[in-house]
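Below is one structure, written out as structure tokens, with a few remarks after it.
In the text below, chain A, chain B and the rest are named by the order of the sequence lines, each starting its count at 1.
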Number of protein chains: 2
Amino acid sequence: MASLKLNDIPPDIVIGRLPLYLRALTRLKQEGNDVTSSHELGRHLGISSAQIRKDLSHFGGFGKQGTGYQIEYLVAKLEQVLQVDREWLVIVVGAGNLGSAIAHYRGFADRGFRIAWLVDASAEKIGQKVGDLSVHPISDMQTIIRQNGVKVAMLAVPAEHAQSVADQLIDAGIRAILNYAPITIKVPDNVKVQYIDPVVHLQTMTYFLRSED
Amino acid sequence: MASLKLNDIPPDIVIGRLPLYLRALTRLKQEGNDVTSSHELGRHLGISSAQIRKDLSHFGGFGKQGTGYQIEYLVAKLEQVLQVDREWLVIVVGAGNLGSAIAHYRGFADRGFRIAWLVDASAEKIGQKVGDLSVHPISDMQTIIRQNGVKVAMLAVPAEHAQSVADQLIDAGIRAILNYAPITIKVPDNVKVQYIDPVVHLQTMTYFLRSED
DNA sequence: ACGCATTTGTGAAATAGTTCTCTGGTTTTT
DNA sequence: AAAAACCAGAGAACTATTTCACAAATGCGT
């Protein structure tokens, strides 16, 4: 297979920046650019050029001295590194306002993810149409995951149900959970979790809202 | 004023964890606990106890040897540090699926924020009811911000409009922007920005979805 | 009253991450 | 054709962050 050349073990924090590089590069491409440099990319992202070069160097030499990076090539490489050079099927748990908004969002498709199922616990939601999807009962959740080999889930249920739903997801084979519930969940080492809690971001910012300028 | 005792300048990364501590503490309180320890809190959050003690020590000694932390007291202190011991008025820009989901979400109120206005650029949305709010025209945005001294905004517009809307927000007095658009925006030093892009989180996780376990 | 188990806060040590600086190669300008 | 401007990659230096380890304080059980 020899899928990916690692010059050493890249720190997690580096992995977390790669999607940002990918996003910025895609935009630069859309704007008509064919090549870019660590300096230009850094300017777009508010990151030092040295950091970008160092980050990329963990995965191989993608650039050319004097020229910079061929955007198309670098995008392909980063997609390969992040394994989004394929399509991941995603199941969304919770068809409330948030789950529905996720199901409607058009921004997943061209970045490696297809929202393929939406499940909910409440009887009155079952069968309802949300965008292209119809809401499935949560009792079918594990079957859907197992039969389709789903590995990625988004969790948009109330905090009090997040842990038990996560347990069921993992039991059925889910290995990556994007958790919108404002609570830390416990998962085994072989499962990844990321969190989205807008209030955490807001509270981080209000800390700095002291000075009068 | 002498509002906050700082033993030294706390790193930004520490500030980013305080909302997580606050969230976990609030939950512990709800579950009927009155005191906790750095060890217990760390277990809930998947963080070492030493880190929690070190983080808190930047703002003063909130605990008691042998006993731990009085949750109510620590919550009050953290709210004070983060300045969420008051209510921040928030304006949401963009009344699409995402903006609407934000406007409906009940989780802001008890954590320091009140979603008070929802504005949108498209004529057909103006006047529509979204939860308790009605959609205002984006032409009123700066007036709303100025007249009410709004400092915090959430940005839920398409990527191509994010920068220009941000510029207008900042011009009107906004000092903290939570940006849901998948693009990095440029802001002056005295403005804080945080980003929420679910795809970035998903792509970070798929990197690790290599091994078969 | 005393010993033992707990627990904080903290300086020191250990890790981790970022920036600097230079080498070698490329492109553009004159 | 030479000079000047660019640029990636990488080791070294530097800075930041986390963990360790321990003194001092508290509460509990006997």
Exercise. Report yes or no: do B/Asp167 and B/Gln163 form a side-chain donor-acceptor pair below 3.5 Å?
Key: yes
Quiz item: Atom NE2 of A/His58 to atom C1' of C/dG17: distance rounded to whole Å?
Solution: 9 Å
Practice problem: Identify the heavy atoms of A/Phe62 and A/Leu56 that sit nearest to each other, and give their distance. | Solution: CE1-O, 4.0 Å
Quiz item: Shortest non-hydrogen contact from A/Asn97 to B/Ala101?
Solution: O-CB, 3.7 Å
Self-check item: Charged N-O contact under 4.0 Å between B/Asp132 and B/Arg114
Solution: no
Self-check item: Check ion pair A/Arg17-A/Asp12 (N to O, under 4.0 angstrom)
Solution: no
Quiz item: 5'-most contact on DNA chain C: B/Lys54 or A/Asp55, nearest heavy atom basis?
Solution: B/Lys54
Quiz item: Nearest of C/dG9, D/dA10, C/dT27 to any side-chain atom of A/Arg53?
Solution: D/dA10
Exercise. Enumerate the residues from residues 36-45 of chain A whose closest heavy atom to DNA chain D is under 4.0 Å, giving them by residue number; use none for an empty result.
Key: A/Ser37, A/Ser38
Practice problem: Answer yes or no: side-chain N or O of B/Gln65 and base N or O of C/dT8 forming a donor-acceptor pair under 3.5 Å. | Solution: yes
Quiz item: Between C/dT10 atom P and B/Leu56 atom CG, what is the distance in whole Å?
Solution: 11 Å
Quiz item: To the nearest angstrom, how far is B/Gln70 atom CD from C/dT7 atom P?
Solution: 14 Å
Exercise. Looking only at side-chain atoms of B/Lys64, point me to the closest of C/dT10, D/dA24, D/dT26.
Key: D/dT26
Practice problem: Give a yes or no on this: more than 12 heavy atoms of other residues, nucleotides or ligands lie within 6.0 Å of atom NE2 of B/His39. | Solution: no
Practice problem: Under the side chain to side chain donor-acceptor pair (under 3.5 Å) rule, what do A/Thr36 and A/Glu40 come out as? Steps first, then yes or no, please. | Solution: CA-CA 6 Å; A/Thr36 189; A/Glu40 181 182 43; 2.3 Å; yes
Quiz item: Would you say D/dC7 has OP1 or OP2 under 4.0 Å from some side-chain N or O of A/Thr67?
Solution: no
Quiz item: Does the distance from a Lys or Arg side-chain N to an Asp or Glu carboxylate O, for B/Asp171 and B/Arg146, drop under 4.0 Å?
Solution: yes
Quiz item: Taking CD1 from B/Ile52 and C1' from C/dT7, how many angstroms apart are they, rounded to a whole number?
Solution: 13 Å
Exercise. Calculate, to the nearest 0.5 Å, the distance between atoms CG and CE belonging to B/Asn179 and B/Met154 respectively.
Key: 10.5 Å
Quiz item: Would you say A/Tyr69 reaches D/dG9's phosphate, i.e. side-chain N/O to OP1/OP2 under 4.0 Å?
Solution: yes
Under 3.5 Å, N/O pairs linking protein and nucleotides 13-17 of chain D:
none

